[in-house]
Every structure is written in C-alpha cells, then in structure tokens.
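So the structure is just underneath, and the comments pick up after that.
Computed from heavy atoms alone, side chains included, the values below leave out hydrogens, waters and symmetry copies.
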Amino acid sequence: MKTFIARHESLVTSTLSGFDRLVFRGTLLPLMRKRGMHVFLSYANVRLLDFKDFALETSKRVREAALAEAERRGRPVRYLESSTTSKENLARRLLVESPLQKPGLVCAFKAVEPCMSFEYHRSPDPEERGLRLRPRKCLHVYNYWVHPKLGFMNVRLQTWFPFNIQICLNGREWLARELSRRRSAFTQADNCFTWLSNPALAQRLMNEQLEADWPAVLTALARSINPLHDELFRPWPMDYYWSAYQVEWATDIAFKDSQALAGIYPGLVHHAMRHFKSEDVMRFLGQKLHGNFTGEVTTSYKVRPEGVRVKHWVRGNSLKMYDKARSILRVETTTARTSDFKVLRPPHDEPRGELAWRPMRKGIADLHRRAMVSQRSNERYLDALAAVEDTTPCSRLFDSVALPVVDAGRRFRALRLGDPDDVALLQAISRGEFAISGFRNRDLRGLLYPPPASTTDERRLSGRVSRQLRLLRAHGIIRKIPKTHRYQLTDRGHLLTAVLRATRDADVKQLIQKAA
C-alpha cells in the first residue's frame, strides 16, 4: 500500500481504512442447545401441551412491541409482500418523504421470511420426541433508524421463538456522526468521504470502532426492537450471543478529482482482470492454494452506477476494487467464512488454555483479528497494483540483472531471462502462496525438479537450489527472513517478476501497440 501511495503521491489527498458494512446476528444460545427449549418452558411453568398457545400469544406480544415505537411516533409501517423489494432504498425514500427533526426511528417493515423455529417432533422414542428447530417461515419486523451515534442502520427481529436478531450498520455512517460532533469538516458521498479536513483524526476515529464495547452497543439495539426481552426471559435470564455474520473492511484512497483517478483506473482494472491469477487472489486473502483446496476462485468485472467494479471470490470471502464517487479508489475485503483464517487464541472451552493458531470464529472476540486480516488483504492488493503505473523502462529492469555482480567478495553470474531454468526459478518464487510466509529450499525443489530417487540425489538438489537462492540474493531479488530458513521477494523482485510475467504473456501485437 505504501508503494502504491508513493507512486501516486501527487494525485492522492488522503487515505482511510476501516469498517464499511457490518452485519451482526444475535442468538439465544441456551435455547439452541439440546432440549434447551424444554428447560425454558419448565422454568416458565408452561406445559408442553400448552406450547402452541404460549408461543402464539408471546409472538403476538413481541410483534406489537416491535411496531409500537413506529405507531406511537406516526412513522410509516409497511408490509412487504415481495423479497425483491430493496428495504434500504425504500427506507431512504420514506426518510426523504417524511424527514426526521432529530435522530430516531425512520420506519418499520413487516415481511414473512425463512427462519429456524420450534416445532413439536413426534417419535416413538421418548428421547427423540419433543420440540425441535425446523426450517419454516415467520413474520420478521425491520426497524430502520437514524441513530444518534451509528447513523443510518436497521435491526431485524424474528417474531417467533427463538427471536433471532440481525443488526446491519455502517462504519462510515458512524464516522460521519463522530466527525460532525467534533466539528471536523468533510464532504461525504454515499458511504465514502471525498474530502476530509483532518484525515489523521478520521483514521483515529475509525480505529476506535475496533475498541467499542460491541456487546453493549448491540444489546441496546436489540432492546429497542424487543423491549419485552427481560420480561419474557425472567424465568431463565439469558442474553444474545453476538456474531459478526459479514464484515466489510474498506481502504479508500481519495484522489484530487475524478480526472486524476480516471487517468490510472482503466490500467488498474486491466491489470487486475488479466494478471491476477487464482494463487494471487488466495495470497491477497492470506491463504495458500494447495492440493487440498476444494473451493473455486472467481473473478468478475461489472459496470455499476457507482463505478466500475472488479471482484474476486474465494469460498464466501471476497476482495473487490472500484472507483467510488469517481474520485475514490476503494479496495474492500469482505469476510463471511472466517474458518479459512487463523487467530492466536486458547481452545474455545479452555479460556486459560495454551495459545495456538486456531480457526477464526465469527464471534465478537475475534473481530479485531478479522479487521487485521482484512487490512493486510487490502494492502497486498494495492501493492500488487503498484506495478501498473511504474514508469521504469523494462530494459532497465532486465539490464540490472543481465550482468554479473559481486556480493560479499564473491562473483555471481548474470540472470538469463531467456533461459528456461532461470525463468522457471523466477516464476516459482513469485507464486502467490509464498507471499505470506515466504518459501524454503524444499518448496522450490518440489516445484522445479522431479522427486529425488535417493538421499544422495536429494542432497544434491538441495545444494543446487541453495546456490540458486544465493544468486537471487546477490541480485537483490529475494531477502532472507531473519531467524528462519525462509525467503521473500524484495520490492525489486516483485517488480521484476511482475514485468517478466506481463511481457511473456503479452503477444507481439499488444507490445507493438503499447510501444506506439
């Protein structure tokens, strides 16, 4: 990212990284456990035979309470028959038609949507008989708010047991409220900032969102739509377990004007579509492409009203780039499948247990690490794009390795960019899976040579690869990671391998057109 910013320093006015769209889900875990609903009914003195009547009456009360605020304030209440209706667009339109004098409830929607709810399961086996969670449909209530701190957001409540909740908000909306409170001037377009009077303050406020007491914030929002919660669960007190169902982390690079971004953006799009292969996309997301990988890496190009978008998907996680508001270059990582990433933590059931790199969870506890992974993903993507606008002549890059060099008193031969062996070596060290933790001697042996037939052959191959690594180090193509046996590409190595791949992939016609 720093390389990209330095390359376009004269065109860039500010950068901003932080949460964009956040979708949280609240679950009452005691009810989701085996026979949990039976325990609750026992505490509430409700017989199993009376469950249906109890559930109907409770759902009616919850539904009325969820809509009471809108009815009391005279805000619009709509029943939506079609799932294709954009609730957010409709809510924003109702806000324009019926503006608020101060932050508060905008409107409420009712919609029948799929859910998981309890049904009585009949079985001759007493252990199997009873209430079970089953897929069904029920009424959901959406409340859209202009929150005094969080800005435009919504809360969705399932009006049947187990009363699951979903909360959707935007980190940029939150930031706009905080900047206004501090009287720091800015210009906002949709959910991005085209101008900031104090970029450092804006970034600090975005970083503070990571330190928020998220359970308290989300629980307060949950009570706003279901004020009966404490009363309903007085027999067996419980509260929601909050998980981040979907997290969007965006890095915005603001250019001086639309012309400045338009001058480089087509080249960025072309490079992303043509040169970012599956292993590159995996590398951006901090993952490796190996033989056990069973997913699919997909890249798409789409022209949208807000700009031209390039998007890469990997098993529920995605990375995209688009020109937001015509003068903002946005790179955004969305994480939905957290188990593909790692976090240093103790076992789930042993809070004081041994720390180890374990699969990331969707819970609030791992939100900070999730943001870190996303930020690194954005940075790697921008670093890869930095080569697009590099004005260094290819001849200078090629010539710099085409002559012998002396390093630590030893003479090393030139790299031969027309030699299949040297080309294969450069292509191997630039593979996407090596960008995170680097590569070792044995990694290259497995890529460049067939399996050795004996221990003697293995030692011989190891020595040969060691000499190749020493050659690359002498030319400044790779560097050794301290206190390890691993190596990584240097900035020069990144640029050389990117240019080499681009020129080898291009046909003669393309090169002549570019030269003309």
Side-chain angles (χ1 to χ4, degrees), residues 1-9 11-12 14-21 192 203 206 247-255 261 264-289 295 297-302 304 306-324 328-337 340-341 369-390 430-438 488-491 493-495 497-499 501-502:
M1 178 174 167
K2 291 181 179 178
T3 305
F4 185 91
I5 300 300
R7 189 145 293 152
H8 304 287
E9 186 175 9
L11 303 176
V12 173
S14 66
T15 63
L16 184 68
S17 293
F19 289 125
D20 189 40
R21 185 170 179 265
C192 65
Q203 187 59 67
M206 287 295 280
V247 174
E248 293 179 353
W249 182 273
T251 295
D252 291 348
I253 301 178
F255 284 74
L261 179 56
I264 68 168
Y265 192 63
L268 301 179
V269 172
H270 181 269
H271 188 82
M273 291 297 297
R274 184 172 180 81
H275 297 294
F276 289 165
K277 296 182 171 63
S278 296
E279 58 266 27
D280 296 308
V281 177
M282 295 289 285
R283 168 172 63 89
F284 300 144
L285 290 170
Q287 302 172 48
K288 294 183 179 181
L289 188 62
V297 182
T298 307
T299 296
S300 77
Y301 167 90
K302 188 174 183 180
R304 307 172 68 189
E306 59 267 34
V308 176
R309 186 215 68 190
V310 177
K311 187 173 183 179
H312 317 275
W313 287 274
V314 183
R315 294 197 301 190
N317 302 313
S318 67
L319 178 61
K320 62 184 176 183
M321 170 186 72
Y322 52 104
D323 50 338
K324 191 80 174 173
I328 300 289
L329 175 64
R330 170 168 287 186
V331 175
E332 182 177 283
T333 296
T334 302
T335 52
R337 182 186 168 109
D340 284 345
F341 306 102
R369 170 65 179 170
R370 199 164 170 179
M372 183 186 301
V373 166
S374 300
Q375 177 63 19
R376 290 177 179 174
S377 172
N378 292 350
E379 290 175 353
R380 285 190 284 265
Y381 197 83
L382 287 166
D383 284 340
L385 291 172
V388 176
E389 289 296 312
D390 195 290
S430 64
R431 288 171 66 98
E433 62 263 39
F434 297 143
I436 307 303
S437 55
Q488 282 183 324
L489 286 173
T490 61
D491 290 342
H494 277 296
L495 189 57
T497 53
V499 171
R501 182 170 63 182

Taking Arg7 for the side chain and Ala386 for the main chain, is one N or O donor matched with an acceptor at less than 3.5 Å?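 Yes; judged by distance alone, with no hydrogens or angles, the pair exists.
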
Looking at Asp252 and Leu16, would you say the former's side chain and the latter's main chain have a donor-acceptor pair under 3.5 Å? no

Atom [atom1] in [X], atom [atom2] in [Y]: separation rounded to 0.5 Å?
{"X": "Lys324", "Y": "Ile253", "atom1": "NZ", "atom2": "CD1", "answer": "15.5 Å"}
{"X": "Gln375", "Y": "Arg370", "atom1": "CD", "atom2": "CZ", "answer": "15.5 Å"}
{"X": "Tyr265", "Y": "Met321", "atom1": "OH", "atom2": "CE", "answer": "4.5 Å"}
{"X": "Ser14", "Y": "Ile328", "atom1": "OG", "atom2": "CD1", "answer": "6.5 Å"}
{"X": "Lys320", "Y": "Arg330", "atom1": "NZ", "atom2": "CZ", "answer": "8.5 Å"}
{"X": "Leu385", "Y": "Leu329", "atom1": "CG", "atom2": "CG", "answer": "7.5 Å"}

Can you see which heavy atom on [X] is nearest to which on [Y], and at what distance?
{"X": "Ala336", "Y": "Gly316", "value": "CB-O, 3.3 Å"}
{"X": "Met206", "Y": "Ser17", "value": "CB-O, 3.7 Å"}
{"X": "Gln203", "Y": "Thr15", "value": "OE1-O, 4.2 Å"}

If we check side chain to side chain contact (heavy atoms under 4.5 Å, CB included) with Ser374, which of these qualifies: Thr334, Thr333, Thr251?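 Only match with Ser374 under side chain to side chain contact (heavy atoms under 4.5 Å, CB included): Thr333.
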
Would you check if [X] and [Y] make a side-chain contact, meaning some heavy-atom pair closer than 4.5 Å?
{"X": "Phe4", "Y": "Val331", "value": "no"}
{"X": "Thr3", "Y": "Leu382", "value": "no"}
{"X": "Arg369", "Y": "Phe341", "value": "no"}

Residues in ring-ring contact (aromatic ring centres under 6.0 Å, His included) with Phe255, at least two apart? none

